[in-house]
Structures are given as C-alpha cells and as structure tokens.
Amino acid sequence: MAKYLLLKHYRGAPASVNDVPMDQWTPEEISAHVRYMNDFAARLEETGEFVDSQALASEGSFVRYDGEGRPPVTDGPFAETKDLIAGWMVIDVDSYERAVELAGELSAAPGKGGEPIHEWLELRPFLGAHPTVTDCTLK
C-alpha cells in the first residue's frame, strides 16, 4: 500500500468548472458538500483506504527560527497556506492509478447549485522509507 495526500486548494490550482467560492454558497450547499466528503471518507474507511482528513481554519502563519536568543519570526512577503490550502485527505491505496481514481471522484463534490465542482486536487505521494546503508567491504 502507498499513502497519498490529496490537497484541496482555495487558490493556486487551475480554476474548477464550478468556480464559485464557498463563502458564496448557501448553508444547504455547504452541508451537501461536507456530507459528500464525509460519505466519501466513510466508504474509504470500509475498504481500508482512508487514513485521515481535515478541513483547515482560515487563520495561520508562517514561522521560522531567527537565531539563538531571538524570538521566532512570523509571516513574510508570500502567500500563506491559509490562503491556498482548504483541507486535505490522506489515503492508503494499492496503486497510483487507484489514487488518481479516488482523487477524480473526490473532485466531483457538489458546490454552488449542487453541481459538481470538478476542482483540481493536488495528489502527492508520501516519501517512502529512506534507503538503509548496507555494510560495504572494500576489496
């Protein structure tokens, strides 16, 4: 099995077919979208392919080390994940092809007017285990 991350973007990805921002959806449209996502995750739990998923809050900041004895630095002159990433799902599947299949299905979650969003999802494999160093004998 291989783990993949499915990233849902607010912006930064190509525009979806039903490209109406969620803040312009009705409460019923939002509920239908969340229900679709939950039903999708529940079905993957039954097949053993679901690992975890989360929607992300809009607040957040970048933080970096700024030297010994100095407080961390926050923010910067760049887009933040709070502006870009809406949420994520981790799946554990048998093949890349299965990951693509599931990402395509998740892309069809309903949006404004109950129509599928056809949003672009970023599909990224988890980095595999680091190779081990084998005992080499010089001859």
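Only heavy atoms go into these numbers, but all of them, side chains included; no hydrogens, no water, no symmetry mates. Small disclaimer: the values here were computed from a predicted structure and weren't measured.
Counting only heavy atoms from C-beta outward, the side chains of Val100 and Leu123 approach each other to under 4.5 Å. At a threshold of 4.5 Å between non-hydrogen side-chain atoms, the residues Ile117 and Val17 do not count as touching.
In this structure Asp66 satisfies the side chain to side chain contact (heavy atoms under 4.5 Å, CB included) test together with Arg64, Arg70, Val73, sequence neighbours excluded. With sequence neighbours excluded, the residues that form a side-chain hydrogen bond (donor to acceptor under 3.5 Å, both in side chains) with Thr47 are Glu49. For Glu105, the side-chain hydrogen bond (donor to acceptor under 3.5 Å, both in side chains) test picks out Arg43, with sequence neighbours left out. Every residue was checked against the salt bridge (charged side-chain N to carboxylate O under 4.0 Å, His left out) condition with Glu115, not counting sequence neighbours, and none meets it. In this structure Gln24 satisfies the side chain to side chain contact (heavy atoms under 4.5 Å, CB included) test together with Val20, Pro21, sequence neighbours excluded. Not counting sequence neighbours, the partners of Pro116 by the side chain to side chain contact (heavy atoms under 4.5 Å, CB included) test are Ala108, His118.
The minimum heavy-atom distance between Pro110 and Ala32, with the atom names listed, is CG-O, 3.7 Å. When all heavy atoms are compared, the tightest approach of Leu121 to Ala103 is CD1-O, 3.3 Å.
Applying the salt bridge (Lys or Arg N to Asp or Glu O under 4.0 Å) test to residues at least two apart or on different chains, the pairs with a partner in residues 16-42 are Glu29-Lys112.
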Distance-only criterion, 3.5 Å: show the donor-acceptor pairs between side-chain atoms of residues 88-97 and protein atoms not counting sequence neighbours.
from: Asp92; atom 1: OD1; to: Ala2; atom 2: N; distance (Å): 3.3
from: Ser95; atom 1: OG; to: Arg98; atom 2: N; distance (Å): 3.1

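Between the Ser107 side chain and the Trp120 main chain, no donor and acceptor come within less than 3.5 Å of each other. Under the 3.5 Å distance criterion, the side-chain polar atoms of Ser31 are matched with a main-chain donor or acceptor of Pro27.
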Handout entry: Chi angles and distances behind the side chain to side chain contact (heavy atoms under 4.5 Å, CB included) call for Tyr36, His33
Key = CA-CA 5 Å; Tyr36 182 97; His33 181 81; 5.8 Å; no
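Note on Leu102: it clusters hydrophobically with Tyr4, by side-chain heavy-atom contacts below 4.5 Å among ILVMFWY residues. No chain of hydrophobic side-chain contacts below 4.5 Å, direct or via other Ile, Leu, Val, Met, Phe, Trp or Tyr residues, connects Leu106 to Val51. No single ILVMFWY cluster, assembled from side-chain heavy atoms under 4.5 Å apart, contains both Leu6 and Phe126. There is a path of hydrophobic side-chain contacts, each under 4.5 Å, that joins Trp25 to Val34.
Note: Ser16 OG to Lys8 NZ = 9.0 Å, rounded to the nearest 0.5 Å.
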